[in-house]
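Order of the sequence lines sets the chain letters (A, B, ...), proteins ahead of strands, with each chain counted from 1. These numbers come from a predicted model, not from an experiment.
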Amino acid sequence: MTNDPSPATRLTRDPIDPAALLRLAGRPANGALVLFVGVVRDVNDGRAVTGIEYSAYEAMAATELADIATEAAARFGTPDIAIEHRLGELALEEASVGIAVGHPHRGGAYDASRWIIEQLKRRVPIWKREHYVDGTREWVDPTGHPASAAGLGR
Amino acid sequence: MTNDPSPATRLTRDPIDPAALLRLAGRPANGALVLFVGVVRDVNDGRAVTGIEYSAYEAMAATELADIATEAAARFGTPDIAIEHRLGELALEEASVGIAVGHPHRGGAYDASRWIIEQLKRRVPIWKREHYVDGTREWVDPTGHPASAAGLGR
Amino acid sequence: MSVTVLLFASYADALGASSVQLELPPDATVADVLADLRGRPGAQLLPPAPLVAVNQRYARADSAVRAGDEVAVIPPVAGG
Amino acid sequence: MSVTVLLFASYADALGASSVQLELPPDATVADVLADLRGRPGAQLLPPAPLVAVNQRYARADSAVRAGDEVAVIPPVAGG
């Protein structure tokens, strides 16, 4: 199968299908596929998590995702990039993000994959609110300044 | 789902199922999954390839695969490693190897994945014979000394 | 001129709104938008230099804001 | 003593066999196995220092070989 020679990116409220992302990154010239999946885990910063709610500035987030994929395609020399980010309420062990990269060689596939997730975490306007075992909820600030410490909690 | 706290490795003559490998690497504490898939590509060293035949010193290859997974588990701090290598005749775009790693953090997942494929390519006694468009077949020597150049070709 | 300011996540919670309509002078900048917001209840909780986007692109404090622009004040992103 | 030597891939093609049975002195090493193989038709095509495994573990040229051991001469590996 040969895919369109352009990256595929989207925000979705449906479960992420890793196999579908891998198919989007396939091409007869690609000897390597690397898939990254971010998953809702049961503990964050020492607190027991029961679920996460993802929200976004959707129009801008979609643009940033597309830009990241286009930049990665140029930087790493492959158009075979598929990125999905989930929005809405996610249960433990559900996938929040999936990134598939196909490349003729494994070095390019790994490097592009890692670059994309780092860029995504830095640039794409998506937020998450963790739900904890004690029933509380808090916006997560990965910069290390919890919203609650700044008085911005719920 | 919580998997057995030990790596899963095998040689197989059946198609590799990436989704199954990902499931083997899942665990509620894992926030990151990285899957590497090696794929038969249509060109190698400038020659058009029509398929590849993989063979192995099977008992030793199985031991080496298991050892690599065990070493990676200790080195990168995660038991959630699944590796499959395909044997037999593979068509273009079929997966020859699949490596899934689950880890609490993405850095560990990427690093373990990359380490495993490099070790696999260095240590596991598996060989491949490429089939070319012109009907010829040749054992591949990744050390850069093609068997044919040394007079070992078919 | 009239400018729409979008607020998200913890900032929307703090200011009690997901969007506000501002009236600004014609030569306004992003800094003016932030200064206006800081006069509102809950806005003392904004950090000193929040991320801002104008028309869905990240913008600097001295970037111009024009009538009809969509300005967004963006809490620390947490995708992935 | 009797030792089984396994050959694979390009080496099996070169020597025309996927396994050979060698008779070696009791204090033999991996180097002795290779020396014996080099006397056989096609074996001039082995590289100067091929990889060898004894009982499915990589071994050095001076590693001892014992009666009943499974010795394997291993072409450049190409998995992945």
Checklist line | Atom group of A:Tyr54 that falls short of 4.5 Å from chain C, counting heavy atoms | finding: side chain
Check: Got a donor-acceptor contact below 3.5 angstrom from the A:Thr70 side chain to the A:Ala66 backbone?
Finding: yes
Notebook entry, point to check: With only heavy atoms counted, which part of C:Leu6 is less than 4.5 Å from chain A, the side chain, the backbone, both or neither?
Noted result: side chain
Next item on the list: State, with a plain yes or no, whether a side-chain heavy atom of A:Ile81 is found less than 4.5 Å away from one of A:Ile116.
Entry: yes
Notebook entry, point to check: Between A:Gly38, A:Ser96, A:Pro125, A:Ala56, which has the largest tally of heavy atom pairs under 4.5 Å with chain C?
Noted result: A:Pro125
Notebook entry, point to check: Is atom CZ of A:Arg47 surrounded by more than 12 heavy atoms (other residues, nucleotides or ligands) closer than 6.0 Å?
Noted result: yes
Margin query: Please determine whether a side-chain nitrogen of the Lys or Arg among A:Glu89 and A:Arg137 lies less than 4.0 Å from a carboxylate oxygen of the Asp or Glu.
Written below: no
Notebook entry, point to check: How are the rings of C:Phe8 and A:Trp127 set relative to one another: parallel (under 30°), tilted (30 to 60°) or perpendicular (over 60°)?
Noted result: parallel
Margin query: For A:Arg122, which atoms come within 4.5 Å of any heavy atom of chain C: side chain, backbone, both, or neither?
Written below: backbone
Next item on the list: Please look at A:Ala95 and chain C and tell me whether the side chain, the backbone, both or neither of the residue comes under 4.5 angstrom of a heavy atom of that chain.
Entry: neither
